[in-house]
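Below is one structure, written out as structure tokens, with a few remarks after it.
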2 protein chains.
Amino acid sequence: MSRPPPHSRATPSAPRPTPAAGALELDAFLPYRLSVLSNTISGAIAEVYQQRFGLSIPEWRVMAILGRYPGLSAAEVAARTAQDKVAVSRAVSRLIAAGRVQRRFADADRRRSILELSAAGQAVYEEVVPQALALERSLLEALTASELEQLDTLLDTLLERARHLSTSELP
Amino acid sequence: MSRPPPHSRATPSAPRPTPAAGALELDAFLPYRLSVLSNTISGAIAEVYQQRFGLSIPEWRVMAILGRYPGLSAAEVAARTAQDKVAVSRAVSRLIAAGRVQRRFADADRRRSILELSAAGQAVYEEVVPQALALERSLLEALTASELEQLDTLLDTLLERARHLSTSELP
DNA sequence: CTAAAATGGTTTCAGATGTAACTTTTCACC
DNA sequence: GGTGAAAAGTTACATCTGAAACCATTTTAG
């Protein structure tokens, strides 16, 4: 597994210089870097399902979770995709209108929806998933096995930490 | 975006199991994890400047870059903040209206704007920056020095790679 | 049993955002 | 110099999004 040649500033030889203490250097600011990275990657993947199937990001996320866990309710989909219930409601409506998702309601509790991909939805799912995974793979093959594990740990640690921040820092 | 719900797997004790090959497990999918992490962190920081100063994210980014590099043009601000020029134009308008940014135009080229924080803008900047940095620090202090360097390298590598993806994968 | 609270989901309305068209100014070239 | 192409910004329009209000159903409490 060969590493690509280092580029403009990807060589860890010179550690990113911390600018004058107390200054905010956007290029070195973790939240900003994460945002740029995330948007760049999501954009690349979105090209796959937006161009070919006219799916929005929330729609694709709903399909992704239903493909793997059929029968969830809208609230469960919202929880699993980290989207709010309004976004899920709208995504589901459009998916039903497009014939990609089927909905029925639970007998025991007629408020609770039961969502599944339709055959057509399943077909889309099975076409998009390999491309999404291929794209992820082509990103990650830049990393060694050890880096991959570091990445995994780092993301978990940071997310864990970030969740505490946003709930505990309220004045 | 909405705050993601609490999660179940955050202990890095067991390495993330790769699910059945070819299946898309959202929780293990890098683009999704990055998106959730980025939104969670950005949301936490946004609380600082949105609640107190009514700044939107694009507005804050413009201020952040002007605080550090006064005198940039709108196009340069757009490039440095990774936002498109319409977003910058609108952010600058609102910032000018709010008295936080001053604009003049270059003598040599009267299309080119020259943007700076006003005194009021500078005051906001100097109040928000330490809080943003503190938040970043409290995130990063979960990491060892070596992890910090790994993170730095990983982000650079991935971004580099992601940029190629989105430009080279067009059919 | 029934009134109030809670839950699942949808709708509404106002503000945000992206794409494309447009204006103004400068530059390239003949 | 004059004309067309390019660059910097702004505006228009259509869509998207988020917060809050809303409806229907179920649960809880008295």
Side-chain angles (χ1 to χ4, degrees), chain A residues 35-36 38-40 42-43 46-47 49-51 54-62 65-66 71-98 101-116 166, chain B residues 1-5 35 39-40 42-43 46-47 49-51 53-62 65-66 71-98 101-116 166:
Chain A
S35 165
V36 170
S38 172
N39 289 339
T40 305
S42 294
E47 272 172 21
Y49 52 75
Q50 278 180 353
Q51 302 289 329
L55 294 169
S56 70
I57 292 176
E59 281 163 38
W60 165 244
R61 286 196 175 165
V62 169
I65 208 71
L66 288 180
L72 295 183
S73 71
E76 290 163 338
V77 168
R80 295 241 193 189
T81 58
Q83 303 182 105
D84 77 47
K85 63 180 187 168
V86 177
V88 170
S89 170
R90 288 197 263 241
V92 167
S93 302
R94 293 199 52 187
L95 289 169
I96 291 175
V101 163
Q102 285 171 340
R103 171 172 55 189
R104 57 202 165 87
F105 291 89
D107 289 339
D109 181 344
R110 297 207 334 270
R111 296 168 305 180
R112 174 171 239 115
S113 59
I114 296 176
L115 302 168
E116 300 175 302
S166 47
Chain B
M1 191 182 276
S2 65
R3 182 85 43 73
S35 165
N39 289 338
T40 305
S42 295
E47 272 172 22
Y49 52 75
Q50 278 179 352
Q51 301 290 330
F53 302 107
L55 293 169
S56 70
I57 292 176
E59 281 163 38
W60 166 244
R61 288 197 174 165
V62 168
I65 208 71
L66 289 181
L72 294 183
S73 71
E76 289 164 338
V77 169
R80 295 242 192 185
T81 57
Q83 303 181 107
D84 77 49
K85 62 179 187 169
V86 177
V88 171
S89 170
R90 288 196 263 240
V92 167
S93 301
R94 294 198 51 187
L95 289 169
I96 291 175
V101 163
Q102 284 170 340
R103 171 172 56 189
R104 56 201 165 89
F105 290 90
D107 288 340
D109 180 346
R110 298 211 328 274
R111 297 168 305 180
R112 175 169 239 117
S113 58
I114 296 177
L115 303 168
E116 299 176 303
S166 47

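Here is how names work: the chains are called A, B, and so on, in the same order as the sequence lines, proteins then strands, and each is numbered from 1.
Between A:R112 atom CZ and D:dT25 atom C1' there is a gap of 13 Å when expressed in whole angstrom units. Per the geometry, CG belonging to A:L72 stands 11 Å off P belonging to C:dG9, to the nearest Å. At whole-Å resolution of the value, CG in A:D109 and P in C:dA6 are 17 Å apart.
Counting only heavy atoms from C-beta on, B:V86 has its side chain closest to D:dA12 among D:dA12, C:dG9, D:dT25. Proximity note for A:K85 (side chain, C-beta onward) versus C:dT25, D:dG9, C:dG9: the nearest is C:dG9.
Nucleic acid contact for B:A108: sugar-phosphate only, since backbone atoms but no base atoms lie under 4.0 Å from a heavy atom of the residue. Within the 4.0 angstrom heavy-atom criterion, only backbone atoms of the sugar-phosphate kind lie near B:S73; the bases stay farther away.
Proximity of a side-chain donor or acceptor of B:S73 to a complementary backbone N or O of B:R112 within less than 3.5 Å is not detected. For the pair A:T40 (side chain) and A:V36 (backbone), a donor-acceptor distance under 3.5 Å is present.
One finds no side-chain N or O of A:S89 lying less than 4.0 angstrom from the OP1 or OP2 phosphate oxygen of C:dG9. Between B:S113 and D:dG9 there is a side-chain N or O to OP1 or OP2 distance below 4.0 Å.
Where A:A106 and B:S93 each meet DNA chain D at their nearest nucleotide, the meeting point lying more 5' is that of B:S93. For the pair B:R94 and A:I114, both in contact range of DNA chain C, the more 5′-proximal nearest nucleotide belongs to A:I114.
Looking at A:R111, its side chain comes within 3.5 Å of the base of C:dT7 through a donor and an acceptor atom. Contact annotation: side chain of B:R110 to base of D:dG9, donor-acceptor pair absent below 3.5 Å. Within 3.5 Å, no donor on the side chain of B:R90 pairs with an acceptor on the base of D:dG9, nor the reverse.
Under the 4.5 Å side-chain criterion, counting only non-hydrogen atoms from C-beta, B:Q50 is in contact with B:I57. Inter-residue side-chain proximity for A:Q83 and A:V62 is flagged as met; some heavy-atom pair is nearer than 4.5 Å. For the pair B:L72 and B:L115, the minimum side-chain heavy-atom distance is 4.5 Å or more.
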